[in-house]
2 protein chains.
Amino acid sequence: MGSSRSTIRDVARAAGVSVSTVSLVLNNKGNVSEATRRRVLKAARELGYVPLRTARDLSKQRTGNVGFVLREDHFTRSEPFYTYIFLGTEFEARLHSLYVLLTTIPRDYRKGEHTPRFLRERSVDGLLIAGKVSAVFLEEVRAMKLPTVLIDYEAEGFPAVVIDNQGGARVAVEHLIQQGHRRIAFIGADLRHPSIADRLEGYRIALERAGLSVDPALVLVDDEAEPTRATGQQLGARLLALAERPTAAFCANDALALGVMETLLQAGLRVPDDVALVGFDDVQGATQAPVPLTSVRVFKEQMGELAMRHLAERIGPEQTRRPYARGQHTIVAPTELVVRASSARV
Amino acid sequence: MGSSRSTIRDVARAAGVSVSTVSLVLNNKGNVSEATRRRVLKAARELGYVPLRTARDLSKQRTGNVGFVLREDHFTRSEPFYTYIFLGTEFEARLHSLYVLLTTIPRDYRKGEHTPRFLRERSVDGLLIAGKVSAVFLEEVRAMKLPTVLIDYEAEGFPAVVIDNQGGARVAVEHLIQQGHRRIAFIGADLRHPSIADRLEGYRIALERAGLSVDPALVLVDDEAEPTRATGQQLGARLLALAERPTAAFCANDALALGVMETLLQAGLRVPDDVALVGFDDVQGATQAPVPLTSVRVFKEQMGELAMRHLAERIGPEQTRRPYARGQHTIVAPTELVVRASSARV
DNA sequence: AGTGTTTATCAAACCGTTTTACCCAAGGTA
DNA sequence: TACCTTGGGTAAAACGGTTTGATAAACACT
């Protein structure tokens, strides 16, 4: 009936050694003869021994948890972008024997009021923050001196894992150029968001490298709007109204691109024949669009993995916490262009 | 500089009492005079004392965690149904001082291979399972004798929190009847899914109560398909082909309803004038449909809360674990009809 | 005054690990 | 032979709480 789980003492008794020896074996530490090591491992296996986390963590002076924070509106939006990132962190966490505590914070974060519980209770060894969050929150985190890694966002003093926005955009636009396009529009929203600004920069670089000039009239941006489908529809209308219409458009994200596409199709234009379109993010809806959308794919799980790995390195084991090495701070996750019908050869 | 966090001993010293007394005060236990109680609380506050979770949990012989398991494809689908449920559990967990460990399992779960880590390591006190999962997994869980609550799914021997599918469907159909409709179709998919079967049953009951007979020709079901938008489009076509067309349709979920709507509109019919539509779930897309969709709203966060509360009761404190009381097992979460344009008065 | 009962408090044991400091025997060196 | 090392092992001290059992003081009742 040996119902309740077995402890390290049981293993020690079964193997005929001391508790400390068992611990040493199980943690690959100290000098243990091959013979004893085997006896211990055998006993542990036979008893189905699994160390108790709470005991181990208490002893090791750590919590064994990391927090994953993102804005609620980001988490619940229909494109599961951050959900995939979370899954990536969860996957990598296993390799470091960490548990991930996921929590959301409101868009308009107020200090004490919304502080995640695990921060108040100090029951995480490190923190992952996904997406743009309130500066107030970042301040609070900074003050806690907790190892932290940002994902898909950047802020002074924090290491981060970000999309290669500029590179991805460049490749996308180079693709359009290669398809023979010369008049290529940029469709964007709020440029204060670093990702969008970087994508615009990638657009510029691609044009310049190809010896094409950047026509300001073709940079269609609504600086007050979010990069949504609705915004895309409006910008699509502006594109239609242009005196000299471009033959292609690179959109800062897929939502915008799908909005533009909708407007164009409704106006009777054809994609890609009249206007070719390329988006960014490769969301689920990209394949199901009326004209499947060429887009820049982002490896979301991979970003989560990279962030978690980086965080785990910072956390331990054994105050390995190296001094901040400026420049090694930001990890850039690669992208990939996925070509579909919306940019087929002219 | 008192850098490292303060312990219960610091508080005891500051308040001039023993460690045990501090513990008693902080847990509202035993007899403590009002004077000492205040001294202790004051000291704790001034030192910013927060009990260390690992220590507390080790001592209390619990882990302080509960697991939240759902299928990966459910988690990452674009309608954030389970995401909201998760948020509900997270919210309620705070009240019980529990942490929620979220993990996904694959659709085709294989025993040892995919077992969630926290189950192997036995580092949860209880388990929440959301949505349909592999029977193999449920077996494994059953064998662990871990307090468990299912959400939006049912299985023999497990308590569950489920949507009031039948009641919600009934109210939806009663609404259509009240609008003057007499020929009302049912649109559904795989009836093996209990929710869909229950919604069909609610449809039947509403008709019968109103003295209307159930016309088998109006029950449009594709038993081999998933309840998706695409399926809705096909069923919409079948509806159009009907000799005597119904004036309204109740759809087993919003995805189906939106598919039907698309087909109807493309065929030149008008909603609700020619055919009124009602869905179920009240997904995000319901408001943004060409004709905003009347739907049965499900309180997802609330379902999460209910499940977590129930689980917390089962877990403890103090072996409160009452013997299973059959009948108290299933908690039915209420629904609410949200009327929009798709079912406006005829 | 003596005897139970209740109230308020505390010392010590305990939870299951890791880690430290120490020990002993064997081998190597001067 | 006397004196280090070193390899292999252990007992005991953390880690920071909770809970139990004992105790002293205050109170109530004959």
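Residue numbering restarts at 1 for every chain, and letters A, B, ... go by the order of the sequence lines.
Listed here is the closest heavy atom pair of His96(B) and Ala312(B): ND1-CB, 3.4 Å.
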Give me the distances for all protein-to-nucleotides 4-6 of chain D N/O pairs that come in under 3.5 Å?
none

Show the distances under 3.5 angstrom between N or O atoms of the protein and N or O atoms of nucleotides 15-17 of chain C.
from, atom 1, to, atom 2, distance (Å)
dC15(C), O3', Gln61(B), OE1, 3.1
dT17(C), OP1, Tyr49(A), OH, 3.3
dT17(C), OP1, Leu52(A), N, 3.3
dT17(C), OP2, Ile8(A), N, 2.8
dT17(C), O5', Tyr49(A), OH, 2.9
dT17(C), O2, Ser59(A), OG, 3.0

Between the protein and nucleotides 7-9 of chain D, are there any N/O to N/O pairs under 3.5 Å, and if so, what are the atom names and distances?
from, atom 1, to, atom 2, distance (Å)
dG9(D), OP1, Ser33(A), OG, 3.4
dG9(D), OP1, Thr36(A), OG1, 3.2
dG9(D), OP2, Ser33(A), N, 2.9
dG9(D), OP2, Ser33(A), OG, 3.2
dG9(D), OP2, Thr36(A), OG1, 2.8

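For the pair Lys29(B) and dT18(D), the criterion of a side-chain N or O lying under 4.0 Å from OP1 or OP2 is not met.
Between Phe118(B) and Tyr99(A), the ring planes lie tilted relative to each other; the angle falls in the 30° to 60° range. Relative ring orientation between Phe68(A) and Phe86(A) is described as perpendicular, the plane-to-plane angle rising above 60° on a 0-90° scale split at 30° and 60°.
Judged by distance alone, with hydrogens and angles left aside, the side-chain atoms of Ser20(B) form no donor-acceptor pair with the main-chain N or O of Ser18(B) at under 3.5 Å. Of the possible donor and acceptor atoms, one in the side chain of Asp125(B) sits under 3.5 Å from a partner among the backbone N and O of Gly64(B).
Taking the charged nitrogens against the carboxylate oxygens, Glu90(B) and Arg94(B) do have a contact shorter than 4.0 Å, which makes a salt bridge. A salt bridge links Lys42(B) with Glu46(B): the closest approach of a Lys/Arg side-chain nitrogen to an acidic carboxylate oxygen falls below 4.0 angstrom.
To the nearest angstrom, P of dG16(D) lies 9 Å from CG of Asp10(B). Rounded to an integer number of Å, the gap from CZ of Arg62(A) to P of dT19(C) is 10 Å.
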Given the rule in the side-chain contact (heavy atoms from CB on, under 4.5 Å) test, do Leu127(B) and Val69(B) qualify, once you have shown the distances and angles that lead to the verdict?
CA-CA 8 Å; Leu127(B) 201 58; Val69(B) 178; 4.0 Å; yes
Could you walk me through whether Thr83(B) and Phe75(A) pass side-chain contact (heavy atoms from CB on, under 4.5 Å), step by step?
CA-CA 8 Å; Thr83(B) 299; Phe75(A) 190 33; 3.3 Å; yes
Output, in order, the C-alpha distance, side-chain angles, deciding distance and verdict of salt bridge (charged side-chain N to carboxylate O under 4.0 Å, His left out) for Arg309(B) and Glu313(B).
CA-CA 6 Å; Arg309(B) 194 171 313 151; Glu313(B) 276 170 19; over 6 Å; no
